[in-house]
Amino acid sequence: MFIAFEGIDGCGKSTLLQYIAERLRAAGRDPLCVREPGSTPLGERVRDALLDPATGELTAWTEVCLFTACRAEMVSTQIRPALDMGRDVLLDRYFYSTLAYQSYGAGADLEATRQLQLEAVGGLLPDLVLLPDLTVKTADGRRSGGDDRMEAKGPEFLQRVRLGFLDLAAGDADRWCVLDGDAPPADVAAAGWDAVSAKI
Ligand code: TYD
């Protein structure tokens, strides 16, 4: 199983990922948990640059290229080898984040961005995408600490991102499962696990 977790900042996807990982371990499986950007030496360094407010404004295509470069590296060095060994992979953000943030959010051409993603990952699509969805206002209230460079883009930007994720989900409904991110965490976790079990 290759499962991607998507959603706006503060939606609860990382908590959900940890829960699904625990359930899979309890079932005797050995999931690889990785995050984007990050999880490779290059990815962690580029992540620091992308999230550091000191980096300042970047064009949408600069961001597309940086996120996508990390992703290409991660797919070939971590995800494909793990899948080839028969392990499950749980991925905290995949290329749908680039489509939602850089295309729907920041205006990079959607079809060109999508084509680039498919090239960069060699066409590797997840079996399931879990999307805890909730309002930008609720998500904002949940985040603690200062905003990183991406989070500082503001509520209108994040609203475009949120609608982008919902549009991507609607266009590929067999692969995506939209969860009510406003529900109590235990209910989000249970609904997420139901979706995973159904795919297994
Ligand atoms: P995330 O891992 O959610 O950050 P956090 O450590 O705060 O949980 O993601 C980092 C940020 O990068 C987030 O605001 C979303 C953004 N992002 C993109 O804009 N495009 C992408 O392709 C990816 C993977 C992330």
Side-chain angles (χ1 to χ4, degrees), residues 2-14 16-17 32-83 89-126 128-133 136 139 143 147-154 156-169 171-172 175-176:
F2 175 19
I3 309 171
F5 296 74
E6 295 283 5
I8 57 174
D9 305 85
C11 72
K13 69 185 166 39
S14 308
L16 178 64
L17 185 152
L32 172 73
C33 301
V34 275
R35 67 171 181 175
E36 281 206 19
S39 296
T40 65
L42 173 77
E44 291 297 335
R45 297 178 73 164
V46 176
R47 177 188 179 85
D48 288 346
L50 279 163
L51 300 191
D52 186 349
T55 299
E57 277 292 303
L58 297 174
T59 73
W61 271 102
T62 306
E63 288 185 359
V64 168
C65 293
L66 289 171
F67 282 114
T68 308
C70 297
R71 179 166 304 126
E73 196 58 23
M74 160 116 92
V75 167
S76 69
T77 64
Q78 309 242 358
I79 297 180
R80 278 209 189 267
L83 292 173
V89 173
L90 306 188
L91 178 54
D92 195 332
R93 298 195 182 282
Y94 196 34
F95 64 74
Y96 306 106
S97 279
T98 305
L99 302 179
Y101 281 79
Q102 279 68 50
S103 293
Y104 287 91
D109 181 79
L110 182 62
E111 277 323 306
T113 308
R114 197 193 304 269
Q115 278 310 317
L116 180 69
Q117 300 311 305
L118 293 175
E119 287 295 326
V121 303
L124 180 67
L125 298 179
L128 176 65
V129 187
L130 292 177
L131 174 67
D133 174 62
V136 168
R143 292 207 315 270
D147 285 349
D148 63 36
R149 199 185 66 85
M150 297 302 299
E151 290 165 352
K153 291 180 189 269
E156 289 85 15
F157 175 82
L158 274 183
Q159 177 64 8
R160 291 196 295 277
V161 174
R162 179 192 182 198
L163 296 180
F165 278 128
L166 290 173
D167 201 39
L168 293 170
D172 194 5
R175 197 183 312 278
W176 286 67

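Predicted model only: the values in this text are computed from it and were never measured.
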Derivation and outcome, side-chain contact (heavy atoms from CB on, under 4.5 Å), residues L166 and L131 | CA-CA 8 Å; L166 290 173; L131 174 67; 4.1 Å; yes

- Task: Would you please test D133 and F165 for side-chain contact (heavy atoms from CB on, under 4.5 Å) and show each step?
- Result: CA-CA 9 Å; D133 174 62; F165 278 128; over 6 Å; no

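- The structure places OG of S39 at 8.5 Å from CG of D92, a figure rounded to the nearest 0.5 Å.
- Listed by first and then second residue, the salt bridge (Lys or Arg N to Asp or Glu O under 4.0 Å) pairs involving residues 66-78 are E36-R71 (not counting sequence neighbours).
- Within the structure, salt bridge (Lys or Arg N to Asp or Glu O under 4.0 Å) pairs that include any residue of residues 53-64 comprise E63-R149, E63-K153 (at least two apart or interchain).
- The two residues L90 and L17 have their closest heavy-atom pair at CD1-O, 3.8 Å.
- The side-chain heavy atoms of V46 and C70, taken from C-beta on, include a pair separated by under 4.5 Å.
- Counting heavy atoms from C-beta outward, V161 and E156 have side chains that stay 4.5 Å or more apart.
- In this structure, L91 CG and F2 CZ are separated by 5.0 Å, a value rounded to the nearest 0.5 Å.
- Using cut-offs of 30° and 60° for the angle between ring planes, the F157 and Y101 rings count as tilted.
- Side-chain N/O atoms of T68 and Q117 include a donor and acceptor closer than 3.5 Å.
- Residue pairs meeting the side-chain hydrogen bond (donor to acceptor under 3.5 Å, both in side chains) criterion with at least one partner in residues 40-49, sequence neighbours excluded, are R35-E44.
- The distance from the CD atom of Q102 to the CG atom of L58 is 9.5 Å, given to the nearest 0.5 Å.
- Interatomic distance, CG of L118 versus CG of L125, reported as 6.5 Å (0.5 Å rounding).
- In plain terms, the two heavy atoms of L66 and L50 that are nearest each other are CD1-CD2, 4.0 Å.
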Q: Before giving the answer on side-chain contact (heavy atoms from CB on, under 4.5 Å), spell out for L124 and R80 the whole-Å C-alpha distance, their side-chain angles and the decisive distance to 0.1 Å.
A: CA-CA 9 Å; L124 180 67; R80 278 209 189 267; 3.5 Å; yes

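- What you find for S103 and T113 is that their closest heavy atoms are OG-OG1, 3.1 Å.
- Atoms OG and CZ, on S97 and F5 in that order, are 12.5 Å from each other to the nearest 0.5 Å.
- One finds the CG atom of L116 at 5.5 Å from the CH2 atom of W61 (value rounded to the nearest 0.5 Å).
- Nearest heavy-atom pair, P132 versus G12, reported as atom, atom and distance to 0.1 Å: CG-C, 4.4 Å.
- In terms of heavy atoms, E6 sits closest to Y94 at OE2-N, 2.7 Å.
- Within the 4.5 Å cutoff, no side-chain heavy atoms of L130 are placed close to those of K13.
- T55 places a side-chain N or O within 3.5 Å of a backbone atom of A49 that can act as its donor or acceptor partner.
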**Request:** Tell me, with the steps shown, if D9 and R93 meet salt bridge (charged side-chain N to carboxylate O under 4.0 Å, His left out).
**Result:** CA-CA 11 Å; D9 305 85; R93 298 195 182 282; 3.8 Å; yes

